[in-house]
Every structure is written in structure tokens, then in C-alpha cells.
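Step one of this worksheet: look at the structure below.
Since the structure is predicted, the reported quantities are computational estimates derived from the model, not experimental observations. All heavy atoms count here, side chains included; hydrogens, waters and symmetry mates do not.
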Amino acid sequence: MQFITGRITYIGEKNIINKDNNQFSTIIFAIKKKMNKKIRNIAFECYGKLADKIDTLRLDDKIEVEYLIHSNKSKLGRWYTTLHAKSIEKVITIKKENINQQK
């Protein structure tokens, strides 16, 4: 499993999936992360309680995502990779102004 920290840039629409008499949520979200001096958007899929948790967060919230990488080969020989979020933790940041005011 991998970890990455970034700010939420996109939260998709929550969908409900019915499978074998079970029902669970799914959602796609993206974070922005500076990599090699460029801002990059990175999208993740998540399911169940984790999808419900993402639905409560807001754009620009800073989070740490634990994820798995999953790749599939298409019939035409092209590879597609999906990142599946396994856990999410909101990162609390304290601004310098608040630290100076406390002193």
C-alpha cells in the first residue's frame, strides 16, 4: 500500500451499487499534489463507508490517502490503472499566524 497527502480538488457524485442483496456507496475524488515542481491531479475510487466519509469532506481539505494500485489490460493491449483508496485521514494544519498569536 502507498500513502500520499494532498488537497481535495474534486468530489464526484456518490453512486449506490446493489450487488447480491447488498447495497454500498461508491465515489471518485481527486487531490492535487506538487510533484517535480508541477501541480498534478490524482484521482481515486473508494467504496462503502469510505465513500460516505469522502462525501462529508470539502474541496481544499488536506487529506492523507492510503491506496492500492490496480491495473488491467484491455482487449486492445492497452493498460489502464486505477487507484483504490483504502483509508483517508484529514490532516489538520495550523497556520503560522495562529502560532504567533499563541505566544
Side-chain angles (χ1 to χ4, degrees):
M1 286 195 225
Q2 304 290 317
F3 292 87
I4 192 166
T5 302
R7 294 198 177 270
I8 298 174
T9 59
Y10 171 79
I11 299 175
E13 195 171 312
K14 185 165 66 167
N15 295 307
I16 304 297
I17 295 178
N18 295 303
K19 188 174 182 181
D20 300 330
N21 295 327
N22 288 327
Q23 200 176 49
F24 58 92
S25 304
T26 180
I27 200 166
I28 294 175
F29 69 96
I31 64 170
K32 65 181 175 183
K33 175 75 175 174
K34 192 171 191 174
M35 302 169 90
N36 294 331
K37 300 180 184 178
K38 291 185 180 181
I39 299 292
R40 311 226 185 237
N41 287 307
I42 304 161
F44 300 88
E45 285 184 355
C46 60
Y47 302 94
K49 292 179 183 177
L50 196 56
D52 297 333
K53 183 176 181 179
I54 278 291
D55 203 32
T56 66
L57 298 175
R58 299 181 314 203
L59 295 180
D60 208 39
D61 280 350
K62 188 172 186 178
I63 60 172
E64 181 181 65
V65 182
E66 179 182 16
Y67 64 95
L68 296 170
I69 301 170
H70 182 73
S71 297
N72 288 323
K73 187 176 181 182
S74 73
K75 292 178 182 177
L76 300 175
R78 189 171 173 106
W79 284 88
Y80 295 92
T81 300
T82 305
L83 304 178
H84 291 276
K86 299 306 286 177
S87 71
I88 297 163
E89 293 297 325
K90 190 171 179 180
V91 177
I92 307 298
T93 56
I94 301 173
K95 294 181 180 180
K96 288 184 179 182
E97 295 171 3
N98 292 342
I99 294 171
N100 291 336
Q101 289 174 356
Q102 291 176 354
K103 290 183 180 180

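No chain of hydrophobic side-chain contacts below 4.5 Å, direct or via other Ile, Leu, Val, Met, Phe, Trp or Tyr residues, connects Y10 to I4. Hydrophobic clustering (side-chain heavy atoms under 4.5 Å, transitive across Ile, Leu, Val, Met, Phe, Trp, Tyr) groups L57 together with L59.
The line from CD1 of I11 to CG of D61 is 7.5 Å long, rounded to the nearest 0.5 Å. Separating the SG atom in C46 from the CD1 atom in I88 is a distance of 5.0 Å, to the nearest 0.5 Å. Here the CG atom belonging to D60 is positioned 5.0 Å from the CZ atom belonging to R7, to the nearest 0.5 angstrom. Remark: E13 CD to D55 CG distance equals 9.5 Å, nearest 0.5 Å. A distance of 8.0 Å separates CD1 in I31 from OG1 in T9, rounded to the nearest 0.5 Å.
In this pair, H70 and H84 present their aromatic rings perpendicular. The plane angle is above 60°, beyond the 30 to 60° band. The aromatic rings of F24 and Y47 stand perpendicular to each other, their planes meeting at an angle above 60°, with 30° marking the opposite boundary.
Across every non-hydrogen atom of S87 and L50, the tightest pair is N-CD2, 3.8 Å. Residues T5 and K62 approach most closely at CG2-CE, 3.6 Å, considering heavy atoms.
At most 12 heavy atoms of other shown residues, nucleotides or ligands fall within 6.0 angstrom of atom NZ in K32. With a 6.0 Å radius and a threshold of 12 heavy atoms from other residues, nucleotides or ligands, E89 has its CD atom at or below the threshold.
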Residues F44, V65; criterion side chain to side chain contact (heavy atoms under 4.5 Å, CB included); working and verdict: CA-CA 9 Å; F44 300 88; V65 182; 3.9 Å; yes
Check step by step if side chain to side chain contact (heavy atoms under 4.5 Å, CB included) holds for F29 and I63. CA-CA 12 Å; F29 69 96; I63 60 172; 3.9 Å; yes
Audit row: W79, K73, side chain to side chain contact (heavy atoms under 4.5 Å, CB included) steps and yes/no: CA-CA 4 Å; W79 284 88; K73 187 176 181 182; 3.7 Å; yes
Would you check, one step at a time, whether the test side chain to side chain contact (heavy atoms under 4.5 Å, CB included) holds for I69 with L83? CA-CA 5 Å; I69 301 170; L83 304 178; 3.7 Å; yes
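When the side chain to side chain contact (heavy atoms under 4.5 Å, CB included) test is applied to Q23, the partners found at least two apart in sequence or on another chain are I16, N18.
Formation of a donor-acceptor pair under 3.5 Å by the K33 side chain with backbone atoms of I42 is not found in this model.
Each of D52, I28, I54 was evaluated against K14; a single residue qualifies, D52, per the side chain to side chain contact (heavy atoms under 4.5 Å, CB included) test.
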